[in-house]
Amino acid sequence: MKFLRLLLLFVFVQTQAQQGGMWIPSLLKGMNETEMKNLGMKISADDIYSINKSSLKDAVPHFDGGCTAEVISDKGLILTNHHCGYDNIQSHSTIEHDYLTNGFWAYKMEDELPNKDLFVTFIIRIEDVTDKVLFGATNLTSEADKQKKIKDNIAELSKTLPKESWQENSIRTFYDGNQYILFVTETFRDVRLVGAPPSSIGKFGSDTDNWVWPRHTGDFSLFRIYADKNNRPAAYSTENVPYKPKYFFPISIKGIKENDFTMVMGYPGRTQEYLPAVAVEQIVTTLNPAKVDIRDAALKVQNEFMRKDNAIKIQYASKNASIANSWKKWMGETKGLKKSNAVGIKKEFEANFQQKVISAGKQTEYGNLLADFEKNYSEIKDYALARDVFTEVALRNTEILNLGYKLYQLEQIYNTKGEQSFNDRRNNLINGLGDFYKDFNAKVDEKVFEKLIGIYATTYPKQFLPSTFVNVNASSLTSEVFTQSQLVSYDKIKVLLTGDSKTVLENLNKDKGFQVIKTMADGYLKNVAPKYDEINLRISATQRTYMKAILELSKKSDRIFPDANSTFRVTYGKIKGYKPNDGVIYEPFTYLDGVIEKYIPGDYEFDVPQKLIDLYNTKDYGNYGVNGKMPVAFIATNHTTGGNSGSPALDANGNLIGLNFDRVWEGTMSDIYYSPEICRNIMVDIRYVLFIVDKFAGAENLIKEMKIVASKKK
Ligand code: ARG
Ligand code: GLU
């Protein structure tokens with residue numbers, strides 16, 4: 001009995017331990033491949049990444065530098081999220097052709113729309129170049145010299161390592177400077193819009209549902225890559241032809257069930273899984289709450305105006321969504337870190353680590369690392385808080401302070417680089433002003449300014465607070481600024497920026513708004529930034545040695561994966577529901593029924609197109625429905641982060657079953673601490689995508705291009 005319990009516990013720990021991590025596709029052989037097969041994968045590591053034959057990697061480009069896409073036809077058709085294609089869909093939208101509201105579908109290739117700055121990047125080859133990058137650097141004693149040598153080596157190697165003329169070399173660091181890897185890439189710049197559902201499908205649920213399960217968003221859009229006659233990257237041209245990919249994903253509509261294997265390939269942006277407990281504690285107790293409070297105040301003001309005034313709603317929709325996205329994530333992250341006792345678990349890990357250091361006889365090398373962290377993090381705490389408060393108040397959430405900061409930089413440029421640079425920067429600034437003021441409302445910003453200056457004066461660490469803000473009367477400062485400053489109006493600021501540099505700078509310095517940001521910025525740049533940078537450099541050096549020690553003292557089975565850094569990764573797990581709270585169980589699948597349940601006619605977030613309601617009523621789901629229901633989204637234990645948006649979700653055979661677009665709120669802590677119990681990524685079911693393309697949009701031309709794998713008819 002006891003043995004059985006132990007065995008069960010062992011099996012439980014094993015299956016728990018086999019998930020999480022974002023792995024380098026070229027290094028899956030061995031432990032990862034075994035784990036993946038144990039979880040049910042039927043293909044091999046070689047099928048995922050190979051330089052000798054076409055492999056899955058050839059179908060997964062980085063989309064526009066921030067998202068992921070996947071190739072789904074032999075004519076260069078790619079799929080990504082609606083929120084990743086959003087800017088491009090918006091840029092083609094006019095009052096007459098409002099593609100954001102109504103959707104867009106190219107029924108012929110000639111109708112596809114070019115996008116000026118959009119690009120996608122494929123990985124050709126991945127190679128470890130650590131020795132080459134560290135050559136001549138390891139023996140240098142000064143940290144600054146060491147970093148400089150590494151930087152120079154990288155610049156040189158990027159030029160000299162072999163590649164074709166149309167390719168690029170990019171060298172990136174892994175494990176905090178313990179490993180360097182070369183990516184040879186190919187970037188295509190003729191990428192055309194092919195299809196997008198209406199926002200009421202592609203962005204259904206908007207900010208209310210953002211980061212939340214259960215979810216009902218059809219978050220996808222379609223593009224096509226064009227190449228020159230040799231199938232190589234080329235600038236946009238009518239002569240270009242659809243790109244012939246080395247590989248594209250077959251799409252499976254066979255259906256999926258709980259506990260099925262899934263993997264996600266893509267370009268996760270940033271994680272910090274190896275922070276020491278003291279750093280995590282700082283995030284949980286100090287930094288996240290400060291940032292959340294500031295955004296909370298800004299969002300409340302914006303929301304109130306947006307609810308009352310439709311013009312303001314349009315002006316602030318995109319800014320509001322982007323402020324809210326991180327705000328909501330940070331709250332979830334803080335909550336999750338607390339609830340899962342991440343700090344306690346890290347402390348346990350550290351006690352264990354210290355023990356291993358002693359057993360290995362490595363005290364001189366590694367014995368002081370944890371004490372160094374303690375010392376440096378306690379030293380950096382106020383500087384880090386000041387940095388976050390300054391950034392959030394002045395640079396991120398108060399619009400005229402953000403604009404004022406650009407003017408402040410203009411003055412700095414004059415002081416350091418002179419007249420010519422001043423003029424270039426000024427022209428640049430003036431060019432961007434139209435866009436800024438189009439979406440600026442002084443009444444909204446005035447209220448935000450008042451709230452945020454109040455928070456700044458009370459939360460910015462006292463010892464750094466510029467004296468003018470000690471006991472500041474936020475409301476009278478606000479009315480002074482908003483009645484007197486030229487920064488609040490497009491016409492006035494154009495006048496303010498006219499004339500020779502001397503006149504402009506004189507007038508700027510007389511401006512009340514400029515004076516406020518100048519005081520804040522001067523104080524920050526003099527009293528906070530240099531010291532912050534100095535301590536941070538020490539922390540980075542300790543982190544690098546800590547990472548080195550962790551790698552060195554770990555067993556192979558310890559699963560030490562490198563933090564995300566916007567490079568190509570694979571993560572794998574199982575389709576699985578979760579238990580967010582006592583008495584609550586979430587199922588892993590949602591259906592169109594849920595869309596209709598959430599439907600609020602005419603609502604900004606929860607409206608549903610009539611055509612979709614009709615399809616629901618007639619249950620016209622074609623081959624895509626299952627037992628009379630239309631699947632919409634599902635969740636799994638794949639370890640993902642920002643940048644994985646649009647990533648392909650694949651089944652055991654490497655067929656496309658969905659596309660990643662979010663995580664569940666209770667699990668957003670996975671950027672710092674991943675737990676397979678509650679961390680889930682959210683994917684739109686590929687059958688919903690096909691249903692919308694086929695039945696909703698009638699774009700059979702696109703369906704015909706794809707390779708669809710269905711169950712054999714019984
Ligand atoms: N939370 C997702 C991500 O981090 C989706 C963001 C876009 N959607 C939104 N409602 N703001 O990018
Ligand atoms: N929505 C995120 C993105 O744009 C992905 C969600 C996440 O952070 O996991 O990349």
Side-chain angles (χ1 to χ4, degrees), residues 83 86-87 89-90 93-95 98 100-102 198-212 217 291-331 392-404 433-456 473-493 513 598-609:
H83 79 259
Y86 199 78
D87 285 348
I89 304 166
Q90 179 178 36
S93 296
T94 56
I95 306 275
D98 188 351
L100 272 184
T101 306
N102 304 316
S199 292
S200 52
I201 292 173
K203 206 178 155 46
F204 181 75
S206 195
D207 287 310
T208 300
D209 271 11
N210 192 21
W211 298 112
V212 165
T217 315
K291 294 191 289 187
V292 167
D293 282 353
I294 293 166
R295 290 199 178 197
D296 203 51
L299 287 165
K300 276 207 182 96
V301 173
Q302 289 182 358
N303 290 341
E304 200 172 311
F305 278 99
M306 286 168 73
R307 256 196 296 270
K308 280 195 281 216
D309 184 327
N310 211 38
I312 295 180
K313 185 149 113 185
I314 293 168
Q315 282 183 311
Y316 280 78
S318 167
K319 288 185 275 194
N320 186 271
S322 128
I323 296 172
N325 193 38
S326 306
W327 165 79
K328 200 163 178 182
K329 194 205 121 173
W330 290 328
M331 282 193 289
E392 287 294 316
V393 169
L395 307 187
R396 194 65 181 81
N397 296 299
T398 315
E399 292 168 274
I400 68 153
L401 291 179
N402 173 283
L403 176 66
L433 286 178
D435 279 347
F436 176 85
Y437 284 100
K438 181 170 79 60
D439 289 338
F440 175 79
N441 182 302
K443 279 205 243 59
V444 178
D445 202 45
E446 179 171 359
K447 262 267 150 291
V448 172
F449 182 100
E450 182 179 343
K451 291 274 181 230
L452 266 45
I453 283 295
I455 299 182
Y456 170 75
N473 182 334
S475 119
S476 60
L477 178 66
T478 306
S479 51
E480 235 179 287
V481 167
F482 280 80
T483 49
Q484 293 170 24
S485 172
Q486 316 291 302
L487 271 54
V488 297
S489 122
Y490 191 16
D491 291 334
K492 285 182 184 162
I493 196 160
K598 287 179 178 173
Y599 171 42
I600 306 173
D603 184 70
Y604 166 68
E605 299 187 297
F606 292 100
D607 201 7
V608 177

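Predicted model only: the values in this text are computed from it and were never measured.
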Parallel, tilted or perpendicular: ring planes of F606 versus F204, cut at 30 and 60 degrees: perpendicular
Output yes when a side-chain donor or acceptor of T398 lies under 3.5 Å from a complementary backbone atom of L401, and no otherwise. no
Atom pair CH2/CH2 of W211 and W327 - distance to nearest 0.5 Å: 13.0 Å
Looking at side-chain heavy atoms only, is the closest gap between V481 and L487 below 4.5 Å? no
For the side chain of E446 and the backbone of S479, is there at least one donor-acceptor N/O pair under 3.5 Å apart? no
I493 CD1 to S485 OG distance, which is reported to the nearest 0.5 Å: 7.5 Å
For the residue pair I294 and K291, establish whether any side-chain heavy-atom pair is separated by less than 4.5 Å. no
Side-chain (D296) to main-chain (V292) donor-acceptor, under 3.5 angstrom: no
Side chains of Q302 and I323: does their closest heavy-atom pair fall under 4.5 Å? yes
Is the F440 ring parallel, tilted or perpendicular to the Y437 ring (thresholds 30°, 60°)? perpendicular
If every non-hydrogen atom of K319 is compared with every non-hydrogen atom of Q315, which pair is closest and at what distance? CE-O, 3.6 Å
Under the 3.5 angstrom rule, does the side chain of K313 hit a backbone N or O of Y604 as a donor-acceptor pair? no
Validation row: N441, F305 side chains within 4.5 angstrom (heavy atoms): no
Flag the pair R295 / R396 as yes when at least one side-chain heavy-atom distance between them is below 4.5 Å, and no otherwise. yes
How far does CG of N210 sit from NE2 of H83, to the nearest 0.5 angstrom? 8.5 Å
Shortest non-hydrogen separation from S93 to I89 and the atoms involved: OG-O, 2.8 Å
Taking atom NZ of K447 as the centre, report whether more than 12 heavy atoms of other residues, nucleotides or ligands fall under 6.0 Å from it. no
Test item: E304 and K300 side chains (from C-beta on) under 4.5 Å apart, heavy atoms: no
Within the side chain of S206, is there an N or O that forms a donor-acceptor pair under 3.5 Å with the backbone of K203? no
Any side-chain heavy atom of E450 within less than 4.5 Å of one from F482? no
Non-hydrogen atoms of D445 and N397 that approach each other most closely: OD1-O, 4.5 Å
Between atom CH2 of W330 and atom CG of D293, what is the distance when rounded to the nearest 0.5 Å? 11.5 Å
Taking C-beta and beyond as the side chain, do L100 and Y86 meet within less than 4.5 Å on heavy atoms? yes
So which of T94, T101, N102 actually passes side chain to side chain donor-acceptor pair (under 3.5 Å) with D98? T101
Testing the basics here: between P198 and P609, what is the closest heavy-atom pair and its distance to 0.1 Å? CG-CG, 4.3 Å
Going from CG on L433 to CG on D491, what distance comes out if it is rounded to the nearest 0.5 angstrom? 11.0 Å
So for atom CD, which belongs to Q484, do other residues, nucleotides or ligands contribute more than 12 heavy atoms lying within a distance under 6.0 Å? yes
All salt bridge (charged side-chain N to carboxylate O under 4.0 Å, His left out) counterparts of K451, not counting sequence neighbours: none
Does K328 reach the main-chain N or O of T208 with its side chain, forming a donor-acceptor pair under 3.5 Å? yes
What is the distance from atom OG of S489 to atom CD1 of I400, rounded to the nearest 0.5 Å? 11.5 Å
